[in-house]
Amino acid sequence: MVAGGIVILIFTIVFLVLGGAGFFFAPKGPNRGLVQTMSILTAFCMWIFWLCTFMSQMNPLIAPIIKTEDIAKN
Amino acid sequence: MGSMFRSEEMSLVQMIIPTDAAYEVVGQLGELGIAQFRDLNPEVSAFQRHYVNEVRRCDEMERRVRFFELQLGKAEIPIPDVEEVPSEVGRSSASHPSPQQMDELEYKFTQLDKELKEINTNEEMLDRNNLELTELSHILRSTREFFEEAQTHNFDDNSAAAPGGRDEHASLLGDAEAGAVYGAHTVRVGFVAGAIPRERIPVFERVLWRATRGNAFLRHAPVDADLTDPTTNTVVPKSVFLVFFQGDQLEARVRKIAEGFSATIYPCPQTANERYDLGLQVAQRLQDLESVLKKTRDHRRRVLATVALQISSWSIQIKKIKGIFHTLNMFNIDASSKCLVSEAWVPNCFLPDMRGALSRATERSSSTIPPIVHVLATRLKPPTFHRLNKFTAGFQNIVDAYGVASYREVNPAPFAIITFPFLFAVMFGDFGHGFLMALAAWALIHWEKPLARYKEGGEIFDTFFGGRYIILLMGLFSIYTGLIYNDIFSRSVDFFGSGWDVPSVTKVVVGNWTGYSGTFNGTFYDGLTHNTSLPEDLYLDPLWNTHTYVFGMDPVWAMAENRLTFLNPYKMKMSVILGVCQMLFGIVLGVFNHTYFKRTLNIVCEFIPQVLFLLCIFGYLVLMIFYKWANFWPHSKAPSLLITLINMFLKFGNIETEDILYGAEGAQANLQSALVIIALMCVPWMLIPKPYLLIRANKRHAHAPLHDHDDQGHLLGGEEHAAPQVAAVKAADEPEEESHEPGEIIVHQCIHTIEFCLGCISNTASYLRLWALSLAHAQLSEVLWDMVMHAGFGNPALLFFAWGGWAFLTIAVLLIMEGLSAFLHALRLHWVEFQNKFYEGTGRKFHPFSFEALIKGQDEE
């Protein structure tokens with residue numbers, strides 16, 4: 001549980017850094033605003049997608065059922 | 001965010017231009033393509049306008065150019081593109097031609113036209129001559145053959161009578177005047193020779209037979225040479241014929257019938273000698289004609305070759321001239337007809353460029369008076385103009401296909417650049433498919449320049465090419481979502497080590513018995529007998545999950561029997577989360593519109609209740625989803641979120657024990673009751689205050705004097721002395737004001753409120769398509785792998801074919817078909833679910849007068 005929280009924190013920071021880098025280091029020029037919007041949105045979309053996937057597996061309600069045959073070595 | 005966020009600010013510019021400089025001014029502006037001219041004489045028909053003559057001249061020149069093109073096509077001379085023409089010839093296409101050049105062009109065209117037509121008539125005449133002579137020579141030949149044949153035939157019959165029968169002159173039929181064939185009567189046997197289209201021969205023969213009661217004898221022979229009719233330029237198969245008859249009366253009849261069948265009759269001498277001489281003459285004349293014809297054709301080819309070089313640039317120049325005069329026709333002519341008055345929409349950022357163009361035009365036209373420019377204050381709604389580049393244009397097209405943004409409205413396109421490919425990728429998530437898609441888009445981008453010139457691709461290719469940057473982003477996002485779904489062509493990869501401890505199992509085969517040995521759940525099974533073998537299905541326990549897979553889906557699920565049972569709730573919940581985020585984002589974007597257009601009322605009476613409504617119901621649902629994920633639930637105790645949400649309304653104030661998610665006694669019930677009350681209060685909040693305040697404001701407005709309405713035509717740009725009599729903005733195309741009828745306001749608000757409240761529910765449900773499409777895509781690619789690719793394992797030859805089938809189906813079905821379907825669903829989510837939260841889309845596009853667009857438009861036709 002705690003470990004999960006730390007992973008979430010780390011990934012959130014990573015995505016924040018990625019989005020922030022895009023935001024602050026966007027090239028100067030007429031398209032700067034556009035690049036900034038794009039990087040923030042990209043970081044958010046990727047973050048929430050990862051977050052949903054990660055959190056849905058943190059406390060699984062069901063466990064996998066595996067066919068013995070599928071994992072058997074000869 | 002620059003011009004992508006809102007459209008460019010526009011000014012309505014009035015220009016008062018001296019008549020002699022007007023052409024040049026419009027030309028310069030057309031080169032830049034920055035001004036959209038307004039039609040100032042909408043009530044004047046096209047034929048009554050001032051420059052109608054010039055437009056007509058342009059039409060005439062265009063007609064001539066088309067004639068030249070036709071001639072070129074006939075002569076099969078290719079027309080080179082403008083870029084391929086040597087610069088000193090095509091140079092004049094770089095800038096618009098001056099009126100003098102127009103006169104020169106017109107003169108040149110008339111000359112060329114005359115010359116070409118002359119050559120053509122000459123050629124036609126020569127061709128006709130040629131045809132006649134050829135036909136005559138054929139007739140002569142077949143006449144000779146016929147008489148020769150008749151003579152030999154005769155010779156066979158009376159071999160004794162004519163020992164020297166080879167001599168043509170001695171033949172009986174050989175000379176038609178020898179009537180003696182027919183016995184004692186010396187009746188003159190005459191004949192008529194001519195040429196006739198081959199298919200008419202049978203009818204001709206029958207008619208002749210009937211008309212002469214069998215007293216005429218027809219001989220015909222097909223002409224093997226292709227005879228081309230010079231008027232229609234088609235090959236007509238012909239036959240030559242000889243008709244024999246007796247007497248002048250029959251001759252007249254035969255001639256008439258032949259004429260009726262449009263046969264050409266040629267004078268054919270009666271004696272063989274004369275025919276021989278004529279034959280020589282005809283051959284001589286044919287030879288002469290041939291050489292003259294060759295020279296004529298060469299001459300025409302030379303003329304056309306020079307035309308071919310210039311014709312592209314000519315047609316561009318005429319387009320430009322015509323465009324200029326069309327624009328000039330929209331101008332108002334001053335009473336003294338010394339100057340023209342024009343009005344144009346110009347983006348503010350281009351105003352300096354426009355002034356530059358005007359001063360250049362004054363210089364070029366050597367006009368003494370510079371044009372006078374004002375910026376008019378107006379109530380007209382300006383057109384919408386976004387400054388785009390090749391990357392953003394595709395995304396703007398997606399938005400414009402739904403509706404062009406109203407002037408200065410928040411533009412959804414810059415956000416769609418990311419959210420559109422992202423939502424697409426949620427439905428299309430597969431690393432392999434995303435990679436292929438990105439690769440294809442990369443190829444389109446890498447060979448962008450040669451491909452842009454490629455015109456034969458058709459509409460489908462153009463669509464893909466125009467959307468190459470969209471496809472690239474879609475591919476890249478699909479790579480990411482594919483990694484998260486852990487789908488690579490439907491296979492999974494264990495990058496970080498699964499969080500589930502899967503027992504290692506060994507297959508044991510003893511005689512007929514197959515069992516599995518291994519340690520499961522703390523017990524060792526040796527797999528030797530029924531009792532000691534591992535069960536067929538291994539039920540893992542949620543408690544054995546040692547850690548959560550760090551990035552994406554745990555690969556153990558790829559081989560789990562209950563994979564979908566696990567994936568479906570996850571994808572469904574994620575769809576709702578993404579949907580609520582995007583809808584909330586849309587509502588927040590609405591605030592930028594409200595503040596920009598100073599609609600404070602809308603913030604208080606629309607934005608705030610809308611956000612509260614959405615958050616209290618679906619925001620709460622999202623929170624519950626995360627809460628449920630973050631906590632551990634013994635299997636049977638987990639509450640169903642959907643039922644909790646429904647019961648929040650149905651069992652208001654109470655809570656079922658199985659719905660309890662968190663909190664001590666009743667805390668959840670209390671919170672949920674509060675949320676429901678807030679959400680329900682939002683409905684009258686949206687419904688009532690706004691129409692009430694609007695109606696009250698209108699009433700007050702109606703009592704106030706109307707003096708602040710006539711600010712039209714007020715000149716801002718200084719130089720007030722310029723043209724006081726110029727009527728500025730006509731009331732005819734005033735924009736429709738927002739309705740002030742109280743009934744309409746109330747109805748409008750009712751619809752708006754109901755639409756929003758129901759929309760929140762149906763739109764959230766609509767986002768579930770993210771789950772459905774992604775499920776369908778994953779299942780389809782898995783089925784393809786299992787059914788096609790899997791069949792080839794174990795046999796190299798079979799594998800090759802299986803791989804071929806699998807690769808083909810992957811591209812055709814999964815990439816193209818599934819891609820299109822995911823594209824359409826992403827499109828819908830943006831147009832309906834996202835944009836209806838803030839986007840009006842009632843603007844009209846800025847169409848500047850631009851030569852570039854004119855010339856491009858020509859290609860599209």
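A note on names: the letters A, B, ... follow the listed sequences, proteins ahead of strands, and every chain is numbered from 1.
For chain A, the nearby part of B:I418 is the side chain; its heavy atoms alone come within less than 4.5 Å. Heavy-atom distances place no part of B:S517 under 4.5 Å from chain A, backbone and side chain included. At a 4.5 Å heavy-atom cutoff, B:P421 makes no contact with chain A through either its backbone or its side chain. Interface remark: B:N545 contributes side-chain atoms only to the contact with chain A (heavy atom separation under 4.5 Å). For B:L578, the part lying under 4.5 angstrom from a heavy atom of chain A is the side chain only. Only the side chain of B:F391 comes within contact range of chain A, with heavy atoms under 4.5 Å apart. In this structure, chain A has heavy atoms under 4.5 Å from both the backbone and the side chain of B:F566. For A:I66, the parts sitting under 4.5 Å from any heavy atom of chain B are the backbone and the side chain alike.
A donor-acceptor distance shorter than 3.5 angstrom exists from the side chain of B:K628 to the backbone of B:P639, with no hydrogens or angles considered. A donor-acceptor pair is defined here as one N or O able to donate and one able to accept, closer than 3.5 Å; such a pair exists between the side chain of B:Y485 and the backbone of B:V426. Listed for the B:N389 side chain is a donor-acceptor partner under 3.5 Å among the backbone atoms of B:T392.
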- Message: Between B:W544 and B:F520, is the ring-ring contact (aromatic ring centres under 6.0 Å, His included) condition met? List the steps.
- Response: CA-CA 12 Å; B:W544 301 348; B:F520 181 70; 5.7 Å; yes
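One distance of note links CD1 of B:I417 with OG1 of A:T37; it measures 8.5 Å at 0.5 Å rounding.
Of the residues listed (B:Y549, B:F431, B:W557), the one engaging B:N486 in a side chain to side chain contact (heavy atoms under 4.5 Å, CB included) is B:Y549, and it is the only one. The only member of A:I8, A:V14, A:L9 that meets side chain to side chain contact (heavy atoms under 4.5 Å, CB included) when paired with A:T12 is A:I8.
Within residues 476-484 of chain B, the residues having any heavy atom under 4.5 Å from a heavy atom of chain A are, by residue number, B:F477, B:Y480, B:T481, B:I484. Residues from residues 567-575 of chain B that place a non-hydrogen atom less than 4.5 Å from a non-hydrogen atom of chain A comprise B:Y570, B:M574, given in numerical order.
In terms of heavy-atom pairs under 4.5 angstrom with chain A, the leader among B:V556, B:L473, B:V550, B:T514 is B:V550.
Side chains of B:T532 and B:D526: a donor on one and an acceptor on the other come within 3.5 Å.
In this structure, the ring of A:F11 has its center no less than 6.0 angstrom from the ring center of A:W47.
By the 4.0 Å N-to-carboxylate-O rule, B:R563 lies too far from A:D70 to be salt-bridged with it.
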